[in-house]
Amino acid sequence: MSSSSPYYLKGSPLNVRFNSVIGWLARRGLSIAGTAEMSVRGRKSGRMQRIPVNPHTYEGAQYLVSARGHSQWVRNMRVAGGGELRVGRKVRTFSAVELPDAEKLPILRTYLEKWGWEVNQYFNGVTAGSTDEEIAAAAQDHPVFRITVDG
């Protein structure tokens with residue numbers, strides 16, 4: 001990856017398989033530690049793309065954090081402006097607004113506190129115990145969306 005390319009860490013075949021199992025479980029109503037399956041309309045295909053996510057709540061608001069960086073779902077979300085979260089038969093439609101880097105620090109820190117066991121490997125050594133400066137420096141590599149559930 002060139003230095004001008006946005007950060008993105010592609011999942012290994014094992015990660016991809018694990019994510020497909022987590023998504024399959026969420027579609028059937030089994031959420032692992034709060035996971036859900038997100039659907040977002042593809043910016044090129046127009047078809048709904050599905051991926052398991054870890055919705056994160058901070059100070060009463062909900063967020064989606066892209067631990068792997070500027071992934072396809074992030075690019076799709078920027079165009080679509082929202083999507084759906086599913087756990088079993090419960091489907092919640094939401095709108096999404098991407099946060100500027102300057103607002104991400106507390107969300108990323110608390111996200112890493114809750115989900116670090118799963119996602120620390122994607123943060124290049126940054127953990128919940130890192131300094132504010134280290135987390136702020138990593139913010140540009142990890143898009144964060146504030147989501148508002150419709151209805």
Side-chain angles (χ1 to χ4, degrees), residues 1-23 25-26 31-44 48-87 91-151:
M1 172 173 16
S2 73
S3 61
S4 63
S5 297
Y7 173 80
Y8 173 65
L9 185 58
K10 184 176 179 179
S12 70
L14 182 61
N15 292 136
V16 170
R17 180 70 180 136
F18 179 73
N19 278 345
S20 69
V21 169
I22 296 300
L25 290 170
S31 173
I32 309 294
T35 59
E37 183 179 70
M38 179 184 66
S39 297
V40 61
R41 188 160 310 282
R43 66 193 182 285
K44 295 178 183 177
M48 294 300 269
Q49 307 294 314
R50 300 183 313 203
I51 184 167
V53 292
N54 302 323
H56 180 63
T57 302
Y58 175 74
E59 292 189 345
Q62 278 204 301
Y63 298 89
L64 294 173
V65 176
S66 181
R68 293 177 193 244
H70 297 265
S71 62
Q72 292 301 316
W73 79 255
V74 167
R75 295 165 195 225
N76 290 336
M77 187 67 69
R78 288 173 175 150
V79 172
E84 298 175 342
L85 291 174
R86 171 185 297 275
V87 176
V91 178
R92 300 179 295 149
T93 304
F94 66 88
S95 57
V97 175
E98 189 168 4
L99 297 185
D101 292 345
E103 294 179 21
K104 295 179 186 176
L105 176 63
I107 291 97
L108 289 176
R109 181 176 301 284
T110 56
Y111 179 81
L112 289 167
E113 287 170 355
K114 180 172 183 180
W115 295 102
W117 61 272
E118 181 185 356
V119 301
N120 276 349
Q121 63 188 320
Y122 307 122
F123 278 78
N124 294 320
V126 174
T127 69
S130 295
T131 66
D132 286 354
E133 293 77 17
E134 291 167 329
I135 293 174
Q140 69 180 358
D141 293 335
H142 302 282
V144 175
F145 293 87
R146 181 177 21 258
I147 62 172
T148 303
V149 176
D150 299 336

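Any value given below was found using the heavy atoms of this structure, including those in side chains, with hydrogens, waters and symmetry copies removed. Note that the numbering runs from 1 along the sequence shown for the chain.
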S.K.: Distance from Lys44 atom NZ to Gln72 atom CD, nearest 0.5 Å?
M.R.: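 Output value for this atom pair is 7.0 Å.
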S.K.: Excluding sequence neighbours, so at least two apart, what forms side-chain contact (heavy atoms from CB on, under 4.5 Å) with Val21?
M.R.: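 With sequence neighbours excluded, Val21 shows a side-chain contact (heavy atoms from CB on, under 4.5 Å) to Arg17, Leu25, given in chain and number order.
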S.K.: Rounded at 0.5 Å granularity, tell me how far CD in Glu84 sits from OG1 in Thr93.
M.R.: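 Separation between the atoms: 4.5 Å.
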S.K.: Counting N and O atoms only, with roles assigned by atom type, does the side chain of Thr57 sit under 3.5 Å from a partner on the main chain of Gly60, one being a donor and the other an acceptor?
M.R.: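 The answer is no, because no donor-acceptor pair under 3.5 Å joins these two groups.
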S.K.: How many angstroms lie between atom CD1 of Ile22 and atom CD1 of Ile51, to the nearest 0.5 angstrom?
M.R.: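 If we round to the nearest 0.5 Å, Ile22:CD1 and Ile51:CD1 are 12.0 Å apart.
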S.K.: Which residues pass the salt bridge (Lys or Arg N to Asp or Glu O under 4.0 Å) test with Glu98, not counting sequence neighbours?
M.R.: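 Per chain and number, Glu98 pairs via salt bridge (Lys or Arg N to Asp or Glu O under 4.0 Å) with Arg78.
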S.K.: Any pair with a residue in residues 100-114 that passes side chain to side chain donor-acceptor pair (under 3.5 Å), sequence neighbours left out, goes on the list, sorted by first then second residue, please.
M.R.: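 Counting only pairs at least two positions apart or across chains, the side chain to side chain donor-acceptor pair (under 3.5 Å) contacts touching residues 100-114 are His56-Thr110, Asp101-Lys104, Arg109-Asp132.
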S.K.: Which residues satisfy the side chain to side chain donor-acceptor pair (under 3.5 Å) test with Gln121, sequence neighbours excluded?
M.R.: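 Result, side chain to side chain donor-acceptor pair (under 3.5 Å) vs Gln121: none returned.
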S.K.: Do you know which two heavy atoms are closest between Leu105 and Ala136, and how far apart they sit?
M.R.: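 For Leu105 and Ala136, the tightest heavy-atom pair comes out as CD1-N, 4.2 Å.
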S.K.: Kindly give the heavy-atom pair with the smallest separation between Ala36 and Val87, and that separation in Å.
M.R.: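 Heavy-atom minimum between the residues: CB-CG2, 3.8 Å.
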S.K.: So, taking the atom named CD1 in Ile107 and the one named CG in Leu64, what distance separates them when rounded to the nearest 0.5 Å?
M.R.: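 Atom-to-atom, Ile107:CD1 and Leu64:CG are 12.0 Å apart.
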S.K.: Ignoring hydrogens and angles, state whether a donor on the side chain of Glu118 or Asn54 is under 3.5 Å from an acceptor on the partner side chain.
M.R.: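 Yes, a side-chain donor-acceptor pair sits under 3.5 Å.
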S.K.: How far does CG of Asn76 sit from CZ of Arg43, to the nearest 0.5 angstrom?
M.R.: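 Result: 4.5 Å between the selected atoms.
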S.K.: What I'd like to find out is whether the side chain of Tyr122 reaches to under 4.5 Å of the side chain of Asn15, using heavy atoms alone.
M.R.: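 In contact.
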S.K.: Could you report the tightest heavy-atom contact between Gly11 and Val16, atom names first, then the distance?
M.R.: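 Distance-wise, the nearest heavy atoms are O-CG2, 4.0 Å.
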S.K.: How many angstroms lie between NE2 in His142 and CG in Leu9, if you round to the nearest 0.5 Å?
M.R.: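 His142 atom NE2 to Leu9 atom CG measures 9.0 Å (nearest 0.5 Å).
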S.K.: Show me the pairs that pass side chain to side chain donor-acceptor pair (under 3.5 Å) and involve residues 33-42, at least two apart or across chains.
M.R.: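 Residue pairs with at least one partner in residues 33-42: Arg27-Glu37.
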S.K.: Just to verify, what does Gln62 make a side chain to side chain donor-acceptor pair (under 3.5 Å) with, not counting sequence neighbours?
M.R.: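 Side chain to side chain donor-acceptor pair (under 3.5 Å) list for Gln62, sorted by chain: Arg92.
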S.K.: Taking all atoms of both residues into account, what is the closest heavy-atom pair of Ala33 and Trp115, and its distance?
M.R.: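 Heavy-atom minimum between the residues: O-CH2, 2.8 Å.
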S.K.: Can you list every ring-ring contact (aromatic ring centres under 6.0 Å, His included) pair that touches residues 61-84, not counting sequence neighbours?
M.R.: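 Found Trp73-Phe145.
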S.K.: Output all residues satisfying side-chain contact (heavy atoms from CB on, under 4.5 Å) with Ser95, sequence neighbours left out; order by chain, then residue number.
M.R.: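 Checked Ser95 against side-chain contact (heavy atoms from CB on, under 4.5 Å); matches are Thr148, Asp150.
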S.K.: Where is the tightest heavy-atom contact between Arg68 and Tyr7, given as atom of each residue plus distance?
M.R.: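 It is O-CE2, 3.6 Å.
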S.K.: Residues in side chain to side chain donor-acceptor pair (under 3.5 Å) with Arg75, at least two apart?
M.R.: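 Arg75 satisfies side chain to side chain donor-acceptor pair (under 3.5 Å) with no residue once adjacent residues are dropped.
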S.K.: Going by the rule salt bridge (Lys or Arg N to Asp or Glu O under 4.0 Å), which residues pair with Arg86 if we only count those two or more places apart in sequence or in a different chain?
M.R.: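 Testing Arg86 for salt bridge (Lys or Arg N to Asp or Glu O under 4.0 Å), a comparison that skips the adjacent residues, returns none.
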S.K.: Can you sort out the partners of Val126 under side-chain contact (heavy atoms from CB on, under 4.5 Å), two or more places apart, ordered by chain and number?
M.R.: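 Residues passing side-chain contact (heavy atoms from CB on, under 4.5 Å) with Val126: Leu112, Phe123, Ser130, Ile135, Ala138.
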S.K.: Taking only residues two or more places apart in sequence or in another chain, which ones pass side chain to side chain donor-acceptor pair (under 3.5 Å) with Asn19?
M.R.: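 By the side chain to side chain donor-acceptor pair (under 3.5 Å) rule, Asn19 matches no residue at all.
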